[in-house]
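Only one structure is covered here, and it is reproduced in the block below.
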Amino acid sequence: MTPFDYQRIPEAAAVPAQLTPTVRPLAGGTDLLTRLKACLDRPDALVDLKASDLGRAIDRVDGGWRLGALVTLSRIQHHPGLRADVPALAEAVSQAATPQLRNRATIAGNLLQRPRCWYFRNERVQCWLAGGEGCPARSGRNEHHAVFDTDGPCVATHPSDPAAALVALGATVTVLDGGGGERELAVADLLVPPTDERRVEHVLAADDVITAVTVPSAPRSTYLKAMDRAVWAFALVGVAAAVSADGEVRLVASGVANTPWRLAGAEAALAGPGLTPEAIDRAAAAATDGAAPLAENGYKLPLLRTLTHRALTAVA
Amino acid sequence: MLTLTVNGQPHPVAVEPRRILLDVLRRDLGLTGTKEVCEMGNCGACTVLLDDEAVYSCLVLAVECEAQEIETVEGLARGQELTAVQEAFVACDALQCGFCTPGQILSMEGALRRRPDADEAALTEAVTGNLCRCGAYRNIVAAAGRVAATSSGGAG
Ligand SMILES: Cc1cc2nc3c(=O)[nH]c(=O)nc-3n(C[C@H](O)[C@H](O)[C@H](O)COP(=O)(O)OP(=O)(O)OC[C@H]3O[C@@H](n4cnc5c(N)ncnc54)[C@H](O)[C@@H]3O)c2cc1C
Ligand code: SF4
Ligand code: FES
Ligand code: FES
């Protein structure tokens with residue numbers, strides 16, 4: 001780790017104006033510190049959001065819930081109201097990481113964590129996403145990589161479980177910028193594939209701070225996850241299914257693309273709100289429409305169809 | 001200068017912001033019960049309590065903990081009197097080499113701080129973030145059962 005300053009700013013509203021590409025916000029630190037230790041990031045200073053009055057509350061709001069950016073995954077996991085009203089989110093956080101990490105990890109930090117691609121995480125490799133050229137995963141070891149949208153420059157998967165659940169639930173984030181402006185953004189629009197000019201998986205600028213996550217109610221929702229061991233592993237494939245207040249069914253997969261991946265083919269195959277056994281069979285079969293797996297990850301396709309089937313059956 | 005409160009005692013330490021809590025506990029304060037293995041959140045050996053919650057001390061900066069209560073395995077027993085979790089680990093032979101044990105014990109202590117009547121399932125879940133390379137898992141789960149039996153016995 002290279003040396004850096006540590007800053008506390010009591011007023012959260014004053015934080016964005018202090019941020020720059022080398023003065024970065026620190027939340028639970030469970031992703032940021034792994035990156036600093038590997039010298040993937042070398043900030044001049046960290047601003048500890050926990051030392052500010054940035055939101056920590058879990059509030060009931062009209063039609064759903066508002067979570068302060070600093071709400072930890074543990075608090076979501078153990079919150080009876082969230083477990084009953086947005087089970088997809090509670091199930092996603094409960095299966096993410098470990099109890100010790102969940103005690104520290106915040107919901108905003110979880111959305112902004114960086115990919116776990118083993119080339120990207122290796123400081124001796126300067127792949128495209130790390131600012132270099134070429135993607136060694138494409139022709140190298142790619143068993144954990146993407147199966148959708150694989151003709152882009154990067155085939156790393158988004159590592160977050162809660163992100164897939166939040167997209168399925170139609171959640172939004174509130175963002176405060178360095179000029180004092182506030183905007184509301186769907187999680188689906190926050191997380192986007194990296195481009196040549198913006199080699200990161202989200203659209204936030206250096207001086208943007210997430211202040212809250214707003215989650216619409218969906219008692220009929222779930223998140224299922226396949227791992228290579230029973231706990232403490234990133235998703236090989238995960239599937240979130242949610243029935244919204246107006247009866248729309250949304251299906252979103254993790255572990256299959258640069259971002260949470262909307263299973264549009266499967267949603268279309270449902271052809272209406274009735275989750276009959278036949279409709280569920282059709283949707284599960286269509287879950288892998290458009291997939292283009294790499295050399296080592298074709299195993300993800302049957303996992304995706306099976307989890308889609310189970311998730312739809314659970315919310316039917 | 002930074003003051004860390006560890007096991008109820010204030011400890012003034014002079015550390016750079018980049019120093020990790022685990023490292024400060026072991027090297028500056030000599031509290032070597034907290035173990036250092038992966039340093040990346042992949043093993044659980046470094047688990048401590050921070051304001052009653054189990055966390056990996058390898059992924060926390062010492063400066064972040066200034067206003068918090070840090071507890072390590074050295075702070076659990078009162079003289080010769082072990083905590084219920086420590087007693088259960090001894091009674092159930094829940095260790096072989098013992099290297100993962102401080103972390104396992106603090107994880108269960110954390111679950112009890114959250115819910116003093118934690119059941120066996122909650123105490124077992126609490127150690128899902130602690131690897132044991134000796135494979136003492138069966139006896140660790142037995143210890144969770146013993147703690148649950150005594151804690152609910154005590155409450156009821
Ligand atoms: C061993 C291990 C296993 C894991 N397994 C899983 C898993 O199975 N599933 C899963 O979903 N995750 C997993 N994770 C990732 C973990 O959940 C994330 O590291 C955590 O959620 C990040 O939250 P944090 O508060 O610690 O963020 P930090 O590490 O503090 O920050 C992450 C990033 O977000 C930025 N940031 C944080 N808060 C804000 C904000 N409010 N506004 C703007 N920027 C912000 C930081 O600058 C940083 O770039 C795992 C992590 C480890 C180490
Ligand atoms: S998949 Fe993305 S992160 Fe991994 S090596 Fe390729 S460009 Fe880098
Ligand atoms: S040393 Fe902290 S989790 Fe391994
Ligand atoms: S007892 Fe040896 S590592 Fe667990």
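Protein chains get the first letters and strands the later ones, always in sequence-line order, with residue 1 at the start of each.
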**OP:** Go through the atoms of A:Leu36 and report whether side chain, backbone, both or neither lie under 4.5 Å from a heavy atom of chain B.
**Re:** neither
Original post:
For B:Leu106, is it the side chain, the backbone, both or neither that has a heavy atom under 4.5 Å from a heavy atom of chain A?
Top reply: neither
**OP:** Could you tell me which portion of B:Val60 (side chain, backbone, both or neither) has an atom closer than 4.5 angstrom to a non-hydrogen atom of chain A?
**Re:** both
Original post:
Under a 4.5 Å heavy-atom cutoff, which of A:Pro3, A:Gly29, A:Ala51 has the most pairs with chain B?
Top reply: A:Pro3
Find the N and O donor-acceptor pairs between chain B and chain A that sit under 3.5 Å apart.
{"unit_1": "B:Arg18", "atom_1": "NH1", "unit_2": "A:Met1", "atom_2": "O", "d": "2.5"}
{"unit_1": "B:Glu39", "atom_1": "O", "unit_2": "A:Lys37", "atom_2": "NZ", "d": "2.9"}
{"unit_1": "B:Gly41", "atom_1": "O", "unit_2": "A:Trp232", "atom_2": "NE1", "d": "3.3"}
{"unit_1": "B:Thr47", "atom_1": "OG1", "unit_2": "A:Gln100", "atom_2": "NE2", "d": "3.1"}
{"unit_1": "B:Ala54", "atom_1": "O", "unit_2": "A:Asn103", "atom_2": "ND2", "d": "2.7"}
{"unit_1": "B:Tyr56", "atom_1": "OH", "unit_2": "A:Thr98", "atom_2": "OG1", "d": "2.8"}
{"unit_1": "B:Cys58", "atom_1": "O", "unit_2": "A:Lys37", "atom_2": "NZ", "d": "2.7"}
{"unit_1": "B:Val63", "atom_1": "O", "unit_2": "A:Arg8", "atom_2": "NH2", "d": "3.0"}
{"unit_1": "B:Glu64", "atom_1": "OE1", "unit_2": "A:Lys50", "atom_2": "NZ", "d": "2.5"}
{"unit_1": "B:Glu64", "atom_1": "OE1", "unit_2": "A:Arg104", "atom_2": "NH2", "d": "2.7"}
{"unit_1": "B:Glu66", "atom_1": "OE1", "unit_2": "A:Arg8", "atom_2": "NH1", "d": "3.3"}
{"unit_1": "B:Glu66", "atom_1": "OE1", "unit_2": "A:Arg8", "atom_2": "NH2", "d": "3.3"}
{"unit_1": "B:Ser107", "atom_1": "OG", "unit_2": "A:Gln100", "atom_2": "NE2", "d": "3.0"}
{"unit_1": "B:Arg114", "atom_1": "NH2", "unit_2": "A:Asn103", "atom_2": "OD1", "d": "3.0"}
{"unit_1": "B:Glu125", "atom_1": "OE2", "unit_2": "A:Gln77", "atom_2": "NE2", "d": "2.8"}
{"unit_1": "B:Glu125", "atom_1": "OE2", "unit_2": "A:Arg102", "atom_2": "NH2", "d": "3.0"}
{"unit_1": "B:Gly129", "atom_1": "O", "unit_2": "A:Gln100", "atom_2": "NE2", "d": "3.3"}
{"unit_1": "B:Asn130", "atom_1": "OD1", "unit_2": "A:Gln100", "atom_2": "NE2", "d": "2.8"}

Subject >> Heavy-atom proximity to chain A below 4.5 Å, by part of B:Leu61 >> reply: both
**OP:** Please look at A:Leu46 and chain B and tell me whether the side chain, the backbone, both or neither of the residue comes under 4.5 angstrom of a heavy atom of that chain.
**Re:** side chain
**OP:** Pick one of side chain, backbone, both or neither for B:Ala126, based on which atoms fall under 4.5 Å of a heavy atom in chain A.
**Re:** backbone
Original post:
Looking at residues at least two apart in the chain, or sitting in another chain, which of them share a side-chain contact (heavy atoms from CB on, under 4.5 Å) with A:Pro16?
Top reply: A:Leu176, A:Val209
